[in-house]
Each structure stands twice: as structure tokens, then as C-alpha cells.
There are 2 protein chains.
Amino acid sequence: MAPKAMSPALMQELSERFKALGEPARLQLLMALRGGEMSVGELVESTGLGQANVSKHLQQLHACGYVSRRKEGTFAYYAIAHADVFVLCDVMCGRIEQEQRARGAALRGRAHSVHT
Amino acid sequence: MAPKAMSPALMQELSERFKALGEPARLQLLMALRGGEMSVGELVESTGLGQANVSKHLQQLHACGYVSRRKEGTFAYYAIAHADVFVLCDVMCGRIEQEQRARGAALRGRAHSVHT
DNA sequence: CCAATATATTACTATGTAGTCATATATGAG
DNA sequence: CTCATATATGACTACATAGTAATATATTGG
């Protein structure tokens, strides 16, 4: 469990990790890597993002430890470093779905009460 | 489990949730609320952030569903809406610790090899 | 060494947003 | 109603960063 009183340093690190996931382009890259290791070029083609853009986002994901890097010839292969990332996404997606259900139920409830 | 192929809309929502956590000030607020419901003024004092700043960050946390809001007189009391947030922090903190341990071990290993 | 290719980096622009100050909007007290 | 207080909002500034185009840096093949 995260400490009750969190040091500013840890909080800073924590926020940087979350910020790295707070960008659709980077999530796209992580999702693309879900199927396994891919080269930069493959990621460019797969995501439709620009090459320089992909390269920079990969640097950030690497700096946060989300992906690993393997050089082979002129190619650079990136891969998910730890499946934990997807645990985070799953928890978050779960909350989103839950809220959408709640919102839907509330709307139905309101519509019903208007009806009666 | 998060879907293999994520819709752009879900990815957008997901990134917005993560982005909301990608800010030390907002994490500070969430951590402060760990002890229970607090008013805006109490949060201002507890965090040392400006009143307007706190109010705006709380709006964002509320929009993402992280906190609930209860009005009582001229006071507004905010509270953690779902403990899930802390699950996310815990997973993330776990990864940070793990990496720090790994980094430390690597450094010790290198020092040792230099020594021998 | 030279050319071709894959990736990384730099310089730049455009956009987003955190923080702050001033002010607006409740709400309760007298 | 008027005043005081708590919170929210609008305008603004300063800074961070996503995206892109051009270029630099390997690395392989000839």
C-alpha cells in the first residue's frame, strides 16, 4: 500500500509516471506493443503517427520504464517491460465502464420519473 | 481486462483520467483526502496551495469522478469517491520501488565488477 | 570509403495548462 | 437588507509539451 504520508520526491515520480500515460499517442503505442515486440518503423505504420513523434514518445515511455529497447542492426525493437501497465489500464477502464453504467442508469431513472 | 483493440474514444477517456493524476498538486489533494472528507479551506491549509488553484484542481478531479462533493452552508466538502485511485497509486509505487531496487543492485554490481 | 536505411535529435510552432489575482456567486449572521 | 465568509470563475501570464520538418547518427551492404 502506498505510504500515508508520501514524500514530495515520490509524489513527483508518481505524477511523472501517470503523466506519461496521460497522452493518447503513448497509450496507442503501448496498446500496439501488446501483441509483442515491434520496431519503430512498424509502430509508425501501425499507429499512423510521425516517425520523429513515435521516437520521442518511445523515449519517454522508456525513461519511465514502461518499455524495453533492443537494438538489432539499424532497427530498434521496443517491447512492454512489465505487464503492470495493463493492470493500471484495466482498473481505469473498469472505473470508466462503471461510471458509464451509472450515468446510463441515472438517465433512465430520470426519464422514468418524468414519465410518471 | 482492457480490450485488445481500444476505441479512440475509450483511449481518449483513459488518457484524460491518467492525465488528471499526472500532476503533483492533484495527487497532493487526493492524499490529503485519504484521511477523510475535507473542505476546500482545510485542503488549502493542508497543502499550502492557493485557494483558486485548489478549487480548480478539485473541479478536475470531480470531473474525472475521483472525488465527490457535498455542499453544507458556505462550505464544500470533498471526499474520495472510490478507493480504486489508491490501487492505481499502489501499483505505480510498487513499480517505482522495484526499479529503485533494481537500479541500486545494478550500481552495486557495477562497483563490484570494477573492484574485482 | 560510399550509398542506403532506420532511428534519434534539434529547432521551431502551436496549443494546453498550472498558478495567481481580482472578482463573482452563494450562504449564513445580525 | 448588509456584511462577512467560503467557494467558484474569469482574465492573464509563464511555462511545458505535442507535433513536424530538417538534419544528425549509427549501421549494413557494396
Side-chain angles (χ1 to χ4, degrees), chain A residues 8 11-33 36-81, chain B residues 8 11-33 36-81:
Chain A
M11 201 127 68
Q12 183 67 35
E13 277 235 35
L14 198 56
S15 71
E16 276 166 20
R17 305 294 176 107
F18 280 127
K19 193 177 300 184
L21 299 182
E23 184 62 38
R26 283 190 288 269
L27 286 181
Q28 249 184 289
L29 289 169
L30 290 174
M31 290 304 160
L33 290 175
E37 194 182 57
M38 289 175 81
S39 72
V40 177
E42 288 169 334
L43 285 166
V44 167
E45 188 178 7
S46 161
T47 60
L49 301 169
Q51 182 265 321
N53 202 14
V54 165
S55 191
K56 280 203 293 192
H57 282 308
L58 287 171
Q59 304 306 312
Q60 292 185 60
L61 291 171
H62 186 64
C64 284
Y66 288 126
V67 300
S68 63
R69 181 177 183 273
R70 182 174 69 85
K71 198 75 189 297
E72 187 176 319
T74 68
F75 295 80
Y77 290 97
Y78 286 86
I80 299 297
Chain B
M11 201 126 69
Q12 184 67 33
E13 278 236 35
L14 198 56
S15 71
E16 276 165 21
R17 306 293 178 107
F18 281 126
K19 195 177 300 186
L21 300 182
E23 185 63 38
R26 284 190 288 270
L27 285 181
Q28 249 185 290
L29 290 168
L30 291 174
M31 292 301 160
L33 289 174
E37 195 181 57
M38 291 176 82
S39 73
V40 176
E42 289 169 332
L43 285 167
V44 167
E45 190 179 4
S46 161
T47 61
L49 301 169
Q51 183 266 318
N53 201 13
V54 166
S55 190
K56 281 201 291 192
H57 281 308
L58 286 170
Q59 304 307 311
Q60 293 184 58
L61 290 171
H62 186 64
C64 285
Y66 288 125
V67 300
S68 64
R69 183 178 182 272
R70 183 175 68 86
K71 198 75 189 296
E72 186 176 321
T74 68
F75 295 80
Y77 291 97
Y78 286 86
I80 297 298

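Computed from heavy atoms alone, side chains included, the values below leave out hydrogens, waters and symmetry copies. To find a chain, count down the sequence lines: A is the first, B the second, and so on, and within it residues start at 1.
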Integer-rounded Å distance: dT27(C) C1' and Tyr77(B) OH: 13 Å
N or O in side chain of Gln60(B) less than 4.0 angstrom from dA18(C) OP1/OP2: yes
Beyond-backbone contact of Leu21(A) with Leu14(B), side-chain heavy atoms, under 4.5 angstrom: no
Atom-pair distance (CG on Leu27(A); P on dA18(D)), nearest Å: 12 Å
Nearest-Å distance for atom pair CZ/C1', residues Arg69(B) and dT7(D): 8 Å
Short side-chain N/O contact to dT17(C) OP1/OP2 from His57(B), under 4.0 Å: no
dT27(D) OP1/OP2 closer than 4.0 Å to side-chain N/O of Thr74(A): no
Between C1' of dA22(C) and NZ of Lys56(B), the distance in whole Å: 12 Å
Neighbour count above 12 (heavy atom, 6.0 Å) for Gln59(A) CD: yes
Closest to the Ala52(B) side chain, choosing from dT7(D), dT7(C), dC21(C): dC21(C)
Rounded distance (Å) that lies between atom C1' of dA8(D) and atom NE2 of His62(B): 13 Å
Nearest-neighbour nucleotide for the Phe75(A) side chain, dG19(C), dA8(D), dT7(C) considered: dT7(C)
Among Gln28(B), Met38(B), Met31(B), side chain to side chain contact (heavy atoms under 4.5 Å, CB included) partner for Ser46(B): Met38(B)
Integer-rounded Å distance: dG16(C) P and Lys19(B) NZ: 9 Å
Glu23(A) vs Gln51(A), nearer the 5' end of DNA chain D by closest nucleotide: Glu23(A)
Between dA26(C) (P) and Lys71(B) (NZ): distance, integer Å: 8 Å
Interatomic distance where CG belongs to Leu61(A) and C1' belongs to dA18(D) [whole Å]: 14 Å
Upstream residue (5' side of DNA chain D) when Leu49(A) and Glu72(A) are each assigned their closest nucleotide: Leu49(A)
Minimum side-chain heavy-atom gap Tyr66(A)-Gln60(A) below 4.5 Å: no
Close side-chain approach of Leu43(A) to Leu49(A), heavy-atom, < 4.5 Å: no
Distance test, side-chain N/O of Tyr78(B) to OP1/OP2 of dA8(D), below 4.0 Å: yes
